[in-house]
Structures are given as structure tokens and as C-alpha cells.
Amino acid sequence: MKKIQNVSTNNAPIVILARPQLDENMGMVARAMMNCCLSELRLVTPRDNHLSEKAISASSGAQSILEEAQVFHSLEEALADVHYVLATSARKRDMTKEIFSPEDGIQKINILAHQEKKTAFLFGAERTGLLNTEIVLANGIVEIPLNPLHASLNLSQAVLLLGYEWHKSQLKQSNSRLETGSAELATQEEYSALFAHLENALEKRGYFRFEDKKERMKHNLRNIFLRNNLTTPEIKTLHKIFTDLTRDENI
């Protein structure tokens, strides 16, 4: 697994682009990020070169964000150290996810940032947006209210809108918070290990007996846990529960 560098300086949300296609779009995303005081960019299997002349020119002075951007081979790797991620999508999805307005999503992000948790905004490719297999890794979805007859946004426009909402929110922070005592919120890497444990046990018991429904069933299981802001000790407890429940069955 790729080791993630700690390049964030103000605990601001990380911007993650899944499968970005055009180098100039990546450059314009960097420009939008710098407009809004966002500094950390992660790219998952970009098609074009984010350090090309087109990208740097389009960044309009935000070249440093492109130079410090990290590239990952999978979304799971890019999210490994993140505690909470909000995906951006305008389409209805056949899965159970908490849906936020930009304001409410930012409030959630700020509460966790106040606890020094790492958060991220996740954006999909220009042509397809986020796939269900990518959205299922997120804790929630942000929907930007636009004209329902024409809700499509350029990638950098979406980053700018959400980044601007976050930037405005820094002028007035919420006093509400999630109290976890000394426990740390679980990272996406810890969630992934838990899901692998559970799915492996269920696979051996024949739970996924219908191949055409298997992927959706896995998505539903993941969403149940991702909605609940589990802590690292809670993840460990669930591992022990899964182990104990399957021990006598020789699973």
C-alpha cells in the first residue's frame, strides 16, 4: 500500500479526484482549491498528466498544489488514513446513504476537523461522475442544489462551490461536536479490514448465494457501518464479535 504523506497544514478537507481525465481540469481544480484555502489534492488513476504545461497553465498560479498532489492506484489507498469522506453526486443512487446539503455537509466536516480528524471531499470523473463502487466507500453524499433540468457541473466548478462553502464556514465555527472520549474515529483502512473480515465469514456461510445480488448486498453491509462514525475500539470489538460468532462453525 502506498504510504500517504502528511501534507495538510490546516486540517482542511482533502480534495480527492477519482479517475480525472483532462489535465486542464486538474489545473483548474487546483486553482479553485487555492481560491478557497484548500491545499491537499489526491488523484486516483488520472488519465492525463497533472504536471503538464496545460495543467500548470490552467492552475493560474496554484502550481504548488499540483506539485504536491499525490497519485494513487486505487480509491481505497487514497482514503486509507481518512476518517470521514463526503462524496459529491447529483444522481439518485440505489443505496442507503446519508444525504447532506452543502451547508450541513460542511458542518459535519467542521465538527470532525475540530477533533483533529482527517476529512475529504470526493469527486468523480468528468464524463461519468462517481461510480457506485466509489460512492459506497464514502460516509455520506453532498448534493449541490441546482436546476434539476440541468444540474451538470464542470469538475472545477463543483470543487469551487463546495470549497467556497467550507471557506465561508471558517468565519463562524459550530460549537457542536461528536464526543468520543479518548477513542479515535476509525479510518477508512480500518473499515476496509472490518468489511473484508465480515464478507469473508459470510461468503463461507453461503450468504452471498445469488451472484447477481452479491455486489449490492456488500454495498448495503458497508453502508450500515459507514453511517455510524465508528471508533477504532468499536471496530476492534466488531472484529472480536465476528471471530467469536464464527469460531464454533469452523469458519
Side-chain angles (χ1 to χ4, degrees), residues 1-82 84-91 102 105-106 109 118-138 141-144 146 150-168 188:
M1 180 173 289
K2 178 183 176 70
K3 183 172 181 175
I4 297 174
Q5 305 167 21
N6 183 18
V7 297
S8 183
T9 57
N10 59 355
N11 210 28
I14 301 162
V15 173
I16 301 177
L17 307 184
R19 301 171 292 107
Q21 297 170 300
L22 301 176
D23 44 8
E24 55 262 48
N25 277 346
M26 288 183 276
M28 288 189 288
V29 164
R31 177 179 183 176
M33 288 174 62
M34 187 164 282
N35 287 154
C36 301
C37 296
L38 298 171
S39 61
E40 185 169 353
L41 175 63
R42 296 182 182 182
L43 306 171
V44 180
T45 60
R47 189 188 70 181
D48 285 354
N49 180 11
H50 67 288
L51 293 175
S52 70
E53 289 186 8
K54 282 185 179 180
I56 291 172
S57 176
S59 74
S60 190
Q63 180 176 343
S64 61
I65 291 178
L66 294 174
E67 292 172 342
E68 294 172 3
Q70 298 178 73
V71 178
F72 296 84
H73 295 297
S74 72
L75 182 55
E76 287 84 354
E77 288 181 345
L79 291 172
D81 65 333
V82 177
Y84 193 87
V85 56
L86 285 178
T88 56
S89 178
R91 289 189 287 140
I106 297 300
I109 290 289
K118 191 167 288 189
T119 62
F121 296 134
L122 174 61
F123 301 86
E126 293 92 324
R127 186 175 63 85
T128 63
L130 287 168
L131 306 176
N132 280 353
T133 52
E134 294 165 336
I135 286 186
V136 75
L137 299 177
I141 296 174
V142 171
E143 288 187 350
I144 299 172
L146 296 170
H150 192 71
S152 176
L153 285 173
N154 174 275
L155 179 58
S156 62
Q157 290 176 325
V159 173
L160 181 61
L161 282 174
L162 209 51
Y164 179 60
E165 288 293 339
W166 175 81
H167 185 55
K168 285 196 305 179
Q188 293 297 316

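Residue numbers run from 1 in the order of the sequence given.
Nearest heavy atoms, Leu38 versus Ala12: CD2-CB, 4.0 Å. Across all non-hydrogen atoms, the minimal contact from Trp166 to Cys36 is CZ3-O, 3.3 Å. Of all heavy-atom pairs between Ser74 and Val44, the closest is C-CG1, 3.6 Å. Closest approach of Ala18 to Leu130, counting heavy atoms only: CB-CD2, 4.1 Å. Across all non-hydrogen atoms, the minimal contact from Ala30 to Ala62 is O-CB, 3.4 Å.
The closest side-chain heavy-atom distance from Leu41 to Met33 is below 4.5 Å. For the pair Ile16 and Leu79, the minimum side-chain heavy-atom distance is below 4.5 Å. Residues Val85 and Thr119 have side chains not in contact (no heavy-atom distance under 4.5 Å, counting atoms from C-beta outward). The side-chain heavy atoms of Val15 and Arg42, taken from C-beta on, include no pair separated by under 4.5 Å. Between Leu153 and Leu146, the closest side-chain pair of non-hydrogen atoms falls below 4.5 Å. Proximity of Leu17 to Met26: side-chain heavy atoms (C-beta onward) are separated by under 4.5 Å at one or more points.
Distance check, rounded to the nearest 0.5 Å: CG of Leu86 to CD1 of Ile109 gives 4.5 Å. The distance from the CG atom of Leu122 to the CG atom of Leu137 is 8.0 Å, given to the nearest 0.5 Å. Annotation: the span from Met34 atom CE to Leu66 atom CG amounts to 9.0 Å, rounded to 0.5 Å. Rounded to the nearest 0.5 Å, atoms CE (Met28) and OG (Ser57) are 10.5 Å apart. Taking CD from Gln70 and CG from Leu43, the interatomic distance works out to 9.5 Å, rounded to the nearest 0.5 Å. Put simply, CG on Asn11 and OG on Ser39 are 10.0 Å apart, with the number rounded to the nearest 0.5 Å.
Thr133 pairs by the side chain to side chain contact (heavy atoms under 4.5 Å, CB included) definition with Leu131, Glu215, His219, not counting sequence neighbours. Shown here are the side chain to side chain contact (heavy atoms under 4.5 Å, CB included) partners of Glu67, two or more places apart in sequence or in another chain: Leu51, Gln63. Residues meeting the salt bridge (charged side-chain N to carboxylate O under 4.0 Å, His left out) test with Glu165, sequence neighbours left out: Lys168.
Screening residues 44-53 for side-chain hydrogen bond (donor to acceptor under 3.5 Å, both in side chains), with sequence neighbours left out, gives Asp23-Ser52. A salt bridge (charged side-chain N to carboxylate O under 4.0 Å, His left out) check over residues 25-36, counting only residues at least two apart or in different chains, returns nothing.
Under 4.0 Å is where a charged nitrogen must lie from a carboxylate oxygen, and between Glu134 and Arg19 at least one such pair does.
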Contacts under 3.5 angstrom, residues 155-164 side chains, donor-acceptor by atom type, not counting sequence neighbours:
{"from": "Ser156", "atom 1": "OG", "to": "Asn154", "atom 2": "OD1", "distance (Å)": "2.6"}
{"from": "Gln157", "atom 1": "OE1", "to": "Asn154", "atom 2": "N", "distance (Å)": "2.9"}

Determine, step by step, whether Gln188 and Glu76 satisfy the side chain to side chain contact (heavy atoms under 4.5 Å, CB included) criterion, reporting the C-alpha distance in whole Å, the side-chain angles of both residues, the deciding distance to 0.1 Å, and the verdict. CA-CA 8 Å; Gln188 293 297 316; Glu76 287 84 354; over 6 Å; no
